[in-house]
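Heads up, the thing below is written out as structure tokens.
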Amino acid sequence: MAKVLLLTNTQGASADVLPALGLLQHAIKVLPLEASVLIDAPVMDLIFIDARREFPKAKSLSRLMSSTGVEAPIIAITTEGGLTAISADWEITDVILDSAGPAEVDARIRLAVDSQVYALEALQGASKEIRQGDVVIDENTYTAKIRGNSLDLTFKEFELLKFLAQHPGRVFTRAQLLQEIWGYDYFGGTRTVDVHIRRLRSKLGPEFESIIGTVRNVGYRFTVQNAGRESVSELV
């Protein structure tokens with residue numbers, strides 16, 4: 001079962017946009033077709049964008065998501081007549097008709113998500129190592145090193161570092177990190193994230209603590225360092 005985000009301004013949500021989607025067992029979250037929702041949007045396996053009517057807005061938003069590091073596959077939903085307006089410069093993964101049946105919708109979701117997973121695995125290599133600058137994270141052994149020195153991390157600290165390192169440069173709110181690392185059923189507040197970030201930075205040490213950057217009034221992101229210098233200057 002995939003976590004699916006549907007971006008639409010239609011009041012009837014998935015039932016009116018892509019009726020077959022509601023007949024499947026995927027977890028569906030519906031948000032408005034607005035750029036502002038991306039600030040605090042959950043990390044999803046796949047994103048459907050409603051391109052049946054608001055073509056300029058749908059195109060602009062799909063391009064924005066692609067340029068800001070949203071890694072989930074993006075599938076545009078349109079009518080048969082709208083297919084002529086879809087082109088490569090939309091920077092989407094796929095396009096589907098709003099009249100598509102459940103079997104086709106499910107197949108498109110599985111293919112898009114599986115292709116993304118295979119692509120990430122190919123980039124990371126069979127060893128499941130994540131390399132960002134001086135940081136090396138091994139998912140198989142649950143170890144993390146900086147310049148060859150092992151970090152003594154708890155499970156949650158390791159998962160937090162790994163998740164951020166998998167999305168370098170992308171900003172995550174505290175709520176997003178809480179959801180991804182601690183899960184939907186965790187009842188603690190976002191203060192938990194701040195505490196773990198502080199402990200993680202302490203273990204990274206003075207030279208490398210800034211790789212976990214704070215973006216004021218938003219959240220945190222991983223910043224790759226080169227020769228001990230930050231590559232993103234606006235971190236605070």
Side-chain heavy atoms of Leu151 within contact of Val135, under 4.5 Å: no
Would you say Val136 and Phe163 are hydrophobically clustered, going by side-chain heavy atoms of ILVMFWY under 4.5 Å? no
With side-chain contact (heavy atoms from CB on, under 4.5 Å) as the test, would you mind laying out the steps for Thr214 and Arg201 before giving the verdict? CA-CA 11 Å; Thr214 300; Arg201 283 172 170 163; 2.7 Å; yes
side-chain contact (heavy atoms from CB on, under 4.5 Å) evaluation trace for Lys59 with Asp89: CA-CA 8 Å; Lys59 180 179 179 179; Asp89 63 349; 3.0 Å; yes
Arg147 side chain near Phe208 side chain, heavy-atom distance below 4.5 Å: yes
Work out which heavy atom in Glu139 is nearest to a heavy atom in Phe158; give both atom names and the distance. CA-CZ, 4.4 Å
Under a 3.5 Å distance rule, please check whether Thr93 uses its side chain to pair with a backbone N or O of Ile74 as donor and acceptor. yes
Do the non-hydrogen side-chain atoms of Leu200 and Leu153 ever get within less than 4.5 Å of each other? yes
Any chance you could measure Leu24, atom CG, to Ile109, atom CD1, to the nearest 0.5 Å? 6.0 Å
Is there a path of hydrophobic side-chain contacts, each under 4.5 Å between heavy atoms of I, L, V, M, F, W or Y residues, that connects Ile92 with Val37? yes
Can you run down the side-chain hydrogen bond (donor to acceptor under 3.5 Å, both in side chains) pairs that involve residues 18-35, sequence neighbours left out, and say none if there aren't any? His26-Asp106, Glu34-Lys57
Under 3.5 Å: donor-acceptor pair, side chain of Ser60, backbone of Pro56: no
Any ion pair linking Arg199 and Glu157 (charged N to carboxylate O, less than 4.0 Å)? no
Taking Leu64 as the starting point, is it possible to reach Trp90 by hopping between hydrophobic residues whose side chains are less than 4.5 Å apart? yes
If every non-hydrogen atom of Lys162 is compared with every non-hydrogen atom of Ile130, which pair is closest and at what distance? CG-CD1, 3.6 Å
Using 30° and 60° as the class limits, which term best fits the ring planes of Phe155 and Tyr142: parallel, tilted or perpendicular? tilted
Strictly below 4.0 Å, N to O, side chains only: are Lys145 and Asp138 in salt-bridge contact? no
Does Ser115 reach the main-chain N or O of Leu111 with its side chain, forming a donor-acceptor pair under 3.5 Å? yes
Where the side chain of Trp182 meets the backbone of Lys156, is there a donor-acceptor pair that is under 3.5 Å apart? no
Does any non-hydrogen side-chain atom of Glu207 lie less than 4.5 Å from one of Ile146? no
List the atom of Val224, the atom of Pro168, and the distance in Å for their closest heavy-atom pair. CG2-CB, 4.2 Å
Shortest non-hydrogen separation from Asp45 to Pro73 and the atoms involved: O-CD, 3.0 Å
Taken to the nearest 0.5 Å, the spacing of Ile96 CD1 from Leu21 CG works out to 9.0 Å
Donor on one side chain, acceptor on other, Arg52 and Thr10, under 3.5 Å: yes
Assigning hydrophobic clusters by single linkage (Ile, Leu, Val, Met, Phe, Trp, Tyr; side-chain heavy-atom cutoff under 4.5 Å), is Val195 placed with Leu160? no
Scan for salt bridge (charged side-chain N to carboxylate O under 4.0 Å, His left out) pairs involving residues 75-87, sequence neighbours excluded, and state none if there are none. none
Output for pair (Arg131 CZ, Ile137 CD1), nearest 0.5 Å, gives 11.0 Å
Which atom names give the shortest non-hydrogen contact between Ala27 and Met44, and what distance separates them? O-CE, 4.5 Å
Steps toward side-chain contact (heavy atoms from CB on, under 4.5 Å) verdict (Leu161, Gln132): CA-CA 11 Å; Leu161 178 63; Gln132 299 291 357; over 6 Å; no
Residue pair Leu83 / Leu97, side-chain heavy-atom distance below 4.5 Å: yes
Please report the interatomic distance CG(Asn9) to CG(Leu31), rounded to the nearest 0.5 Å. 10.5 Å
If you measure from CD1 on Ile197 to OH on Tyr220, what distance do you get to the nearest 0.5 Å? 5.5 Å
Under 4.5 Å between any side-chain heavy atoms of Val17 and Phe48, yes or no? no
Trace of the side-chain contact (heavy atoms from CB on, under 4.5 Å) decision for Leu6 with Ile77: CA-CA 10 Å; Leu6 171 60; Ile77 304 169; 3.9 Å; yes
Minimal heavy-atom distance between Leu164 and Phe222, with the atoms involved, is O-CB, 3.2 Å
